[in-house]
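I have placed the structure first, in the form of structure tokens, so that the comments after it can refer back to it.
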Amino acid sequence: MASGGRLTRRFYAGETCQVAQALLGKVLVHVDAGVRRAVRLVETEAYLGPDDRASHARFGPTKRAAVMFGPPGFAYVYLIYGLSHCLNVVTGAEGFPAAVLLRAGEPVCNTLHSSRGPGNLCRALGVRRELHNGLDLTGETLFVEDGPPPPERIVSSPRVNIAYAGEWAERPWRYFLEGSAFVSGPRPRRR
DNA sequence: CCAAGGATTGGC
DNA sequence: CCAATCCTTGGA
């Protein structure tokens, strides 16, 4: 596909951990009332399947998590701690609940705020649950643009703030670009 | 119906 | 370190 074009549903339908890594270096865009707000993604996390004890899908297709059970390429946006919105992209096959949490990006254009951390990333782009949850990411409002592979090395680590998930907390399903100053939380040297 | 707690953040 | 703040979930 042409570099710079929007990612297709086929892209999001891929295996979740691969999609999480493939999103790094790509550009997340929100066309906000005609204003293009964008960041280059530098940190993601995979939430994989109904058995993942860290995933919102662990309780089944509840009202909140229903989007994760739907087709790939849609936005799952939720409110956490009554304060922060978090943006995920639904991945994998329809019926299998999986998503990639977009945790941080480096500012590209018209950002409203720091984009370091999942709540901040949403604030930077003007993404909110009431506006964007369930939105089709192959549309023209909120989408990710394809591009060349990032020059930085991709590093993995356990996911952040999911200690409650028992042994699932150990899975190295957090991915980020090594050396990026825009990555949130703990930054291991390498893996 | 009610209690508990969270895929976070920013301030002390 | 810890409170903010509200929504979601599970259990009575």
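Here is how names work: the chains are called A, B, and so on, in the same order as the sequence lines, proteins then strands, and each is numbered from 1.
For the residue pair His30(A) / His132(A), a side-chain donor-acceptor distance below 3.5 Å is found, with atom types taken as modelled. Side chains of Thr111(A) and Arg37(A): a donor-acceptor N/O pair is absent below 3.5 angstrom, by distance only.
Computed from coordinates, the Tyr76(A) OH to dG6(B) C1' distance equals 11 Å when rounded to whole Å. dG6(B) atom C1' lies 4 Å from atom OH of Tyr81(A), rounded to whole Å. Regarding Asn161(A), its CG atom lies at a distance of 10 Å from the P atom of dG6(B), rounded to whole Å. Taking atom OH of residue Tyr175(A) and atom C1' of nucleotide dA7(B), one finds them 15 Å apart after rounding to whole Å. To the nearest angstrom, C1' of dA7(B) lies 9 Å from CZ of Arg159(A). Distance Leu83(A) CG to dT8(B) C1': 7 Å, rounded to the nearest Å. Rounded to an integer number of Å, the gap from Arg103(A) CZ to dT9(B) P is 7 Å. Between the C1' atom of dT8(B) and the CG atom of Asn120(A) lies a distance of 8 Å, rounded to the nearest Å.
Val144(A) places none of its side-chain heavy atoms less than 4.5 Å from the side chain of Leu137(A). Val160(A) has its side chain within reach of Glu45(A): a pair of non-hydrogen atoms, C-beta onward, lies under 4.5 Å apart.
Heavy-atom nearest nucleotides on DNA chain C were determined for Ile80(A) and for Ala65(A), and the one closer to the 5' end corresponds to Ile80(A).
The stretch residues 38-46 of chain A has no heavy atom under 4.0 angstrom from DNA chain C at all. If you check residues 125-139 of chain A against DNA chain B, you find no residue with a heavy atom closer than 4.0 Å.
Note on His85(A): nothing from the nucleic acid sits closer than 4.0 angstrom, heavy atoms only. Contact annotation for Arg58(A): no contact, since no heavy-atom pair falls under 4.0 Å across all strands. At a threshold of 4.0 angstrom between heavy atoms, the contacts of Leu101(A) include nucleobase atoms, whether or not backbone atoms are also involved.
Classification of Glu43(A) and Arg116(A) as a salt-bridged pair fails, no side-chain N sitting under 4.0 Å from a carboxylate O. Taking 4.0 Å as the cut-off between side-chain N and carboxylate O, Arg40(A) and Glu152(A) count as a salt-bridged pair.
First and last contacts of DNA chain C with chain A, using any nucleotide atom under 4.0 Å from a protein heavy atom and ordered 5' to 3', fall at dA4(C) to dG10(C).
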